[in-house]
A.B. asks: 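Shown below is the structure under consideration.
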2 protein chains.
Amino acid sequence: MCLTDKELSPVDYEHTCMIRGDGGRALRRILDQICNKWTLLVVATLDQGTLRFTDLHHQIPGISQRMLTLTLRNLERDGLITRTVHAEVPPRVEYALTATGKSLIPPALSLAKWAITHAPGIEAAREAHTQKN
Amino acid sequence: MCLTDKELSPVDYEHTCMIRGDGGRALRRILDQICNKWTLLVVATLDQGTLRFTDLHHQIPGISQRMLTLTLRNLERDGLITRTVHAEVPPRVEYALTATGKSLIPPALSLAKWAITHAPGIEAAREAHTQKN
DNA sequence: TCCCGATGGTTACCATCCGTAAGTGGCCAC
DNA sequence: GTGGCCACTTACGGATGGTAACCATCGGGA
């Protein structure tokens, strides 16, 4: 009832069902955190390895210092990255993915690939739709 | 430089790199739409097949009518779902995934699986972090 | 006749989030 | 003593999300 796609195993079936149901509320809390404007991008960028604040700021187009700070704090709180402060002048702060953070890379990639593949179609559909109105 | 994980192919390498770079801005527009509070949940629910407005409203825990309407409108605009109005009384409106919409299911599942797997760890990390402060 | 309920929304209003721009603090080079 | 580097932090305005109430249509029942 949940899935009709033959490629998906019973395990997937369970998991899709868990997206819904009342257990879904807790899950949604997690997904809301991960799926926000910048989190996936920061995680994907940190897949390179340890990076400093300004490195991240330069490599992620369009993020502000404020949003980078907030995103990094949330990721640290959730145990997806580590934050190491070196008591130097000028200050040096290094960010790196934890094991949990690294495990997020494949799903993030899969979503990014989807977006890249379908971006032209979506843009076209959006164009066509706004034309109609 | 982008990825160190051996499991990822050169194609993945390209794709990860495209998350960053200035092409990333257009991509981010797409991801922001998909990765918002409700979109993935609605798409996952519609994987069952054609559903009516109230079916969706009942099956998705916590969504309001307003947010459901807005989410469905966005999905329709982006060509991920179709909206069919039957001129009956009481009115009947049916929503179904398009081919593009269906193609989003595997990535969405993969992210949901990740969230389900790591939810306890993340909750624990969050607890521990708030304890410290 | 009058009211009710079902369906699929819309509107008003408020809280939270996001983005921009500017400021902070310590030290060092000029 | 002025400005720059680094990693933030603060102030403020606009966009986005959430809640609750309202709306329009029609058939059915009292």
Side-chain angles (χ1 to χ4, degrees), chain A residues 22 24-42 45-46 50-78 81-96 126 133, chain B residues 22 24-43 45-46 50-78 81-96 126 129 133:
Chain A
D22 22 317
R25 305 206 182 209
L27 175 60
R28 195 155 52 73
R29 284 236 315 286
I30 305 287
L31 274 183
D32 284 354
Q33 293 282 335
I34 302 307
C35 263
N36 64 7
K37 210 166 174 65
W38 299 109
T39 302
L40 282 182
L41 216 47
V42 170
T45 306
L46 276 174
T50 302
L51 287 175
R52 302 178 60 177
F53 186 88
T54 32
D55 294 334
L56 285 166
H57 194 208
H58 291 330
Q59 291 200 29
I60 300 175
I63 198 170
S64 64
Q65 287 188 323
R66 192 179 100 97
M67 288 320 294
L68 183 53
T69 307
L70 290 177
T71 306
L72 289 169
R73 290 286 189 277
N74 279 334
L75 285 171
E76 189 196 3
R77 188 199 53 177
D78 290 352
I81 63 170
T82 56
R83 177 169 181 272
T84 319
V85 183
H86 299 263
E88 304 172 357
V89 167
R92 185 159 60 95
V93 182
E94 290 183 333
Y95 296 93
R126 212 174 278 184
N133 303 3
Chain B
D22 19 320
R25 304 204 183 211
L27 175 61
R28 194 156 53 73
R29 283 236 317 286
I30 305 287
L31 274 182
D32 284 353
Q33 293 283 335
I34 301 307
C35 263
N36 63 6
K37 207 167 178 60
W38 299 110
T39 302
L40 281 182
L41 216 46
V42 170
V43 170
T45 305
L46 277 174
T50 302
L51 286 175
R52 301 178 60 176
F53 186 87
T54 33
D55 294 334
L56 286 166
H57 193 208
H58 291 331
Q59 291 200 27
I60 300 174
I63 197 170
S64 64
Q65 288 188 322
R66 191 180 100 98
M67 289 320 293
L68 183 52
T69 307
L70 291 177
T71 306
L72 289 169
R73 291 283 190 279
N74 280 334
L75 284 171
E76 189 196 1
R77 188 199 53 179
D78 290 352
I81 63 171
T82 57
R83 178 170 181 271
T84 318
V85 183
H86 299 263
E88 302 171 359
V89 166
R92 185 159 59 95
V93 183
E94 291 183 333
Y95 296 94
R126 215 176 276 185
H129 194 86
N133 302 5

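Note that these values count all heavy atoms, side chains included, but never hydrogens, waters or copies made by symmetry. Throughout, protein chains are lettered first and strands after them, A, B, ... in sequence-line order, and every chain is numbered starting at 1.
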A.B. asks: Could you state the CZ-P distance from A/Arg92 to C/dG25, rounded to the nearest angstrom?
C.D. replies: 24 Å
A.B. asks: Quick check on contacts: within residues 65-76 of chain B, what sits under 4.0 Å from DNA chain C by heavy-atom distance?
C.D. replies: B/Gln65, B/Arg66, B/Thr69, B/Arg73
A.B. asks: Look up atom CG in B/Leu31 and atom CG in B/Asn36, then write down how far apart they are to the nearest 0.5 Å.
C.D. replies: 11.0 Å
A.B. asks: Considering just the side-chain nitrogens and oxygens of B/Lys37, establish if one lies under 4.0 Å of OP1 or OP2 belonging to D/dG18.
C.D. replies: yes
A.B. asks: Want to settle it: does B/Pro90 or A/Trp38 sit nearer the 5' end of DNA chain C, counting the closest nucleotide to each?
C.D. replies: B/Pro90
A.B. asks: Check the distance between C/dT7's P and B/Arg83's CZ and give it to me in whole angstrom.
C.D. replies: 16 Å
A.B. asks: If we ignore angles and hydrogens, is there a donor and acceptor under 3.5 Å between the side chains of B/Arg77 and B/Gln33?
C.D. replies: yes
A.B. asks: What integer distance in Å separates B/Asn36:CG from C/dC18:P?
C.D. replies: 12 Å
A.B. asks: Which distance, rounded to the nearest 0.5 Å, do you find between the CZ of A/Arg52 and the OG1 of A/Thr50?
C.D. replies: 12.0 Å
A.B. asks: Separation of B/Glu88 atom CD from C/dT7 atom P, in whole Å?
C.D. replies: 12 Å
A.B. asks: Of the candidate nucleotides D/dA7, C/dG8, D/dG18, which contains the atom at the shortest distance from the side chain of B/Val93?
C.D. replies: C/dG8
A.B. asks: Roughly how many Å is it from NE2 in A/His57 to P in C/dT20, rounded to a whole number?
C.D. replies: 10 Å
A.B. asks: Given D/dC26, C/dT20, D/dA7, identify the nucleotide with an atom nearest to the side chain of A/Ser64.
C.D. replies: C/dT20
A.B. asks: For C/dG8, does either OP1 or OP2 sit under 4.0 Å from a side-chain N or O belonging to B/Thr54?
C.D. replies: yes
A.B. asks: Can you give me the closest heavy-atom contact between B/Phe53 and B/Leu68, atom names plus distance?
C.D. replies: O-CD2, 3.7 Å
A.B. asks: Rounded to whole angstrom units, what separation is found between the CD1 atom of A/Ile63 and the P atom of C/dC18?
C.D. replies: 11 Å
A.B. asks: Just the rounded figure in Å: distance from P of D/dA7 to CD1 of A/Ile60.
C.D. replies: 14 Å
A.B. asks: Once salt bridge (charged side-chain N to carboxylate O under 4.0 Å, His left out) is applied, what residue pairs with a partner in residues 81-96 of chain B remain, sequence neighbours excluded?
C.D. replies: B/Glu88-B/Arg92, B/Arg92-B/Glu94
A.B. asks: Strictly below 4.0 Å: does B/Arg52 bring a side-chain N or O up to OP1 or OP2 of C/dG8?
C.D. replies: yes
A.B. asks: Applying side chain to side chain donor-acceptor pair (under 3.5 Å), name anything that partners B/Asp32, two or more places apart in sequence or on another chain.
C.D. replies: A/Lys37
A.B. asks: Quick one: does B/Thr45's side chain have a donor or acceptor within less than 3.5 Å of a partner on B/Leu41's backbone?
C.D. replies: yes
A.B. asks: Given D/dC26, C/dC27, C/dT7, which nucleotide is nearest the side-chain atoms of B/Pro91?
C.D. replies: C/dT7
A.B. asks: Take the protein atom CG of B/Leu56 and the nucleotide atom P of C/dG9, then report the distance between them rounded to whole Å.
C.D. replies: 10 Å
